[in-house]
Amino acid sequence: MKKIDYKNELNPAQLEAVESIDGAYLVIAGAGSGKTRVLVHRVAYLVEKGVKPDEILLLTFTRRASEEMLRRASLLLDERCSRVSGGTFHSFANATLRRYAKALGLANNFSILDEPDAEDTINLIRTQMGFNKSEKRFPRKKAILEVISKSVNKSEKLEDVLYDEYPQFLEFSEEIKQIREEYHKYKIEKSLLDYDDLLVYLKKLLTNHEEIRLSLSRKYRYIMVDEYQDTNKLQAFIACLLASEHKNIMVVGDDAQSIYSFRGANFRNIMDFPQLFKNTKIITLEENYRSTQPILNLTNEVIRGAKEKFEKNLYTKKKGEQQPVFVDAEDENGQSRYIADKILELREEGVESKDIAVLFRSGWHSNDLEVELASRNIPFVKYGGQKFVEAAHIKDVISYLRIVYNAADQVSWLRALLLIPGIGPKSAEKIINALIPGKGAPLVTSEKNKEEVNKLFNILKDINSSMQGPAEIIEIFLEYYQPLLKNKYDDFHKRINDLDSLLRIASRYKSLEQFLTDMALEPPERSLAEAGLKDKDDSTLTLSTIHSAKGLEWHTVFLIYVAEGHLPSYRSLEDEEGIEEERRLFYVASTRAKENLFLLKPHVDRNPRSFMDGGGPVLTQVSRFLDESKIMDKLLQIEDTGNEFDAGYAEFNEDIDKKGATDKEFLRMMQEHFRDKEEY
């Protein structure tokens, strides 16, 4: 029988984690420290020590992750490892609920609503209740489902979710509550469960039926949870309840990489684990196998400033002396030009495009860069958001400009007309037939939409594209488009930055023809759904939000907009917990780099405020995460791009700096710890 030499295959900290069997363990796995290797070897170690495979439960966040871990464990030891119970929280909940459905009054043949089905159900209820006929702009099905789901996953009151993330719908809080109640009744009557229900009902099963909890806890004698920092309160509670009898549980994660609070992930879960399990042994993995030491010196210093953390200091045996580079570019386009120049330089040095990534806090941060890369014929794929010119609201505005350029553009006319409330495809077709030369049809509009149609016609009539540049034309249309934007998109406030970017990009052009030509970029060759799949033959550069980049790595990483208001985001500036998560985002982004790390910010933000609010150029301040502990002086190579440092900039920085057997007691403690603010 195969014997594994764990001592030679693992470093001392990894070995300690693998050989730890009985009891509660928290493994703090620093970035690039071999977290997956530990889980794979621990599965093999438990089986090798005689633990029955079906007594081991491995909970992960994707099915692919659990399948890959068990496949690797089987190759390491033998096929017994493939019989370990592995899967996501939702798949485990589904299997358990089907077995014990009767205890909850559910039919075991319940159907599961996927997201589109759930949205359609919400829409049906919304229509039946007459809210679709509201005179005011009532939220659509997708937004309503998001609010309800976040309330469940964050264990927060619906009003709190609205206040924090959907303030434009606060006035409809009572109506959304009514829809939630009807949605719940509908699912009960039709024997339906959505994704959130799987966790909610499993929690109810484990808390309300002690005999079932005891049975499951005895069945799964050894529990492991991957990426514990990403669990929400429901998931953490479920994992702890399953381990409540034997307390043999190992959770693996990194508090410094807890960045998904917007999905419901709760930073407190990993921080409070040792308080729930009093005899928890904390094992810290600090040897990094990814980055050079200068990069780790920077990330160690940044995370050292966290208000609450588990102490660790990443180190590596990997050779490399290049310090991370800080670039204070002239402006947004200067930032883009620097990156494009450096990418071409790196390619000459033999670094392939697939080994380079540009990361950013928000999807719109890359808008200018995308245009610059396209103009240089540098292919790229973007993760964590649509390609800039493919976003619906950008296509809306560009359709107006295309009509200005070519009045016979029927496709653009159709898009522009369908934006007007009350105009459907048939009405739009009749109007187009009357407008396009040679059609000879009479102009037909109802009194209801005649005023809006005429408003569009009058704008088009007054524009002189030979005298006005594309930016001026866009400004005219943005005033007209603003109410249409609010009417069409529930998340209109999140799309405004894209329109600001479009305006800034257009300001660099004198010719409408050239602007439209440059905007007609080829779409990405790969679907965004493939994010995370590393195709070794792929020669494209990666553009990605930091959230989508977690778990990946590249030879060279550019992190852009490293400035106050961008990273950290302005939305977090008044919230201490928000600032702490922004710090962790910075840490995650920086630890993706293996050899080179470039940190960039525009010296001047040409239009930091929305076109809806007005505003003009301002001098930016470097991100507070680089301004601490003299990081700029000690740990970064400053690259001069010719900017003049003036007294006004210093005063600006200084001003901002100033602001700146059943254990009943254990079960009771957990019940209180994970208590929802609102029960479901």
Side-chain angles (χ1 to χ4, degrees), residues 115 118-119 122-123 126 131 134 136-180 183 194-196 199-200 229-235 258-269 360-365 384-386 391-393 485-500 545-548 550 565-585 609-610 612-613 676-678 680:
E115 195 168 307
E119 287 179 6
I122 289 286
N123 196 46
R126 174 179 174 270
F131 294 138
S134 171
K136 294 184 179 179
R137 172 72 171 80
F138 197 81
R140 292 188 171 89
K141 59 183 182 181
K142 182 177 179 65
I144 296 171
L145 183 65
E146 284 178 358
V147 171
I148 293 171
S149 180
K150 286 187 177 184
S151 176
V152 174
N153 283 290
K154 289 189 169 187
S155 300
E156 289 184 359
K157 290 183 178 180
L158 190 140
E159 293 95 328
D160 292 342
V161 173
L162 287 171
Y163 182 83
D164 290 338
E165 300 187 47
Y166 302 85
Q168 69 273 31
F169 298 139
L170 263 172
E171 61 181 308
F172 300 114
S173 61
E174 288 306 314
E175 290 89 339
I176 296 173
K177 276 186 178 180
Q178 291 174 40
I179 291 173
R180 181 183 64 181
Y183 179 50
D194 63 22
Y195 290 149
D196 297 331
L199 299 181
V200 169
Q229 79 280 346
D230 294 338
T231 55
N232 61 32
K233 284 182 76 172
L234 278 170
Q235 291 164 328
S258 179
I259 60 172
Y260 295 117
S261 65
F262 70 95
R263 293 182 190 167
N266 194 315
F267 175 69
R268 296 252 48 92
N269 289 343
F360 31 86
R361 171 64 179 86
S362 302
W364 67 270
H365 283 166
Q386 267 186 316
H393 48 296
L485 174 75
K486 288 184 175 181
N487 182 65
K488 184 176 180 183
Y489 304 106
D490 284 334
D491 59 348
F492 67 87
H493 58 297
K494 296 180 181 177
R495 298 172 184 258
I496 291 169
N497 283 322
D498 284 342
L499 297 175
D500 289 338
T545 61
I546 301 170
H547 287 102
S548 294
K550 186 171 173 290
H566 297 285
L567 182 61
S569 164
Y570 73 92
R571 287 181 179 160
S572 67
L573 295 181
E574 301 300 321
D575 175 17
E576 187 172 304
E577 288 184 11
I579 287 291
E580 288 302 287
E581 180 152 332
E582 296 290 309
R583 180 187 299 279
R584 297 193 292 268
L585 273 166
R609 296 168 62 198
S610 148
M612 290 187 178
D613 302 322
D676 290 350
K677 294 178 183 174
E678 185 158 328
Y680 298 92

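Quick note: numbers below take in every heavy atom, side chains included, and nothing from hydrogens, waters or symmetry partners.
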Least distance between heavy atoms, [X] atom then [Y] atom:
X      : Y      : value
Pro568 : Leu573 : CG-CD2, 4.0 Å
Phe172 : Phe138 : CD2-CD1, 3.5 Å
Arg361 : His365 : N-ND1, 3.7 Å
Gly578 : Ser572 : C-CB, 3.7 Å
Ile148 : Leu158 : CG1-CD1, 4.5 Å

(Q) Quick one, Asp230 with Lys550, criterion side-chain contact (heavy atoms from CB on, under 4.5 Å). Give me CA distance, side-chain angles, the key distance, then yes/no. (A) CA-CA 12 Å; Asp230 294 338; Lys550 186 171 173 290; 3.5 Å; yes

Q: Kindly confirm or rule out a cation-pi arrangement of Arg180 over Tyr183, judged by NZ or CZ under 6.0 Å from the six-membered ring centre and within 45° of its axis?
A: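 Negative - Arg180 is either too far from the ring of Tyr183 or too far off its axis.
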
Q.
On the six-membered ring of Phe267, is Arg584 placed so that its NZ or CZ lies under 6.0 angstrom from the centre and within 45° of the ring axis?
A.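 Cation-pi check for Arg584 and Phe267: passes.
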
Q: Would you sort out whether Glu581 and Glu577 count as a side-chain contact (heavy atoms from CB on, under 4.5 Å), showing the intermediate values?
A: CA-CA 6 Å; Glu581 180 152 332; Glu577 288 184 11; over 6 Å; no

Minimum side-chain heavy-atom gap [X]-[Y] below 4.5 Å:
X      : Y      : answer
Ser569 : Glu582 : yes
Leu145 : Arg140 : no
Leu162 : Pro167 : no
Leu234 : Asp196 : no
Leu499 : Leu485 : yes

Between [atom1] of [X] and [atom2] of [Y], what distance do you get to the nearest 0.5 Å?
X      : Y      : atom1 : atom2 : value
Leu199 : Lys233 : CG    : NZ    : 14.5 Å
Gln229 : Asn266 : CD    : CG    : 12.0 Å
Ile179 : Ile144 : CD1   : CD1   : 4.0 Å
Arg583 : Leu567 : CZ    : CG    : 11.0 Å
Lys142 : Ile122 : NZ    : CD1   : 12.5 Å
Arg263 : Lys154 : CZ    : NZ    : 12.0 Å

**Q.** Donor-acceptor under 3.5 Å (Asn123 side chain, Lys141 main chain)
**A.**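 Between the backbone of Lys141 and the side chain of Asn123 there is no qualifying donor-acceptor contact (under 3.5 Å).
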
Q | Check: Phe360 ring centroid to His566 ring centroid under 6.0 Å | A |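 For Phe360 and His566, the ring centres are not under 6.0 Å apart.
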
Q. Among all residues two or more places apart in sequence or in another chain, which pass the side chain to side chain donor-acceptor pair (under 3.5 Å) test with Ser258?
A.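 Once residues adjacent in sequence are excluded, Ser258 has no partner under the side chain to side chain donor-acceptor pair (under 3.5 Å) criterion.
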
Q: Just say parallel, tilted or perpendicular for the rings of Tyr260 and His547, cut-offs at 30° and 60°.
A: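 Plane angle between 30° and 60°, so tilted.
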
No-hydrogen, no-angle side-chain donor-acceptor test under 3.5 Å, [X] and [Y]:
X      : Y      : result
Thr545 : Ser548 : yes
Asn153 : Asn232 : yes
Tyr166 : Glu146 : yes

**Q.** Verdict with supporting geometry, Lys150 and Glu156, side-chain contact (heavy atoms from CB on, under 4.5 Å)
**A.** CA-CA 8 Å; Lys150 286 187 177 184; Glu156 289 184 359; over 6 Å; no

**Q.** Stepwise salt bridge (Lys or Arg N to Asp or Glu O under 4.0 Å) check, Lys177 with Glu159
**A.** CA-CA 9 Å; Lys177 276 186 178 180; Glu159 293 95 328; 2.5 Å; yes

Q.
Within the supplied structure, the quantity of interest is the number of heavy atoms (other residues, nucleotides, ligands) at a distance under 6.0 Å from Tyr163 OH; does it exceed 12?
A.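 No, not enclosed.
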
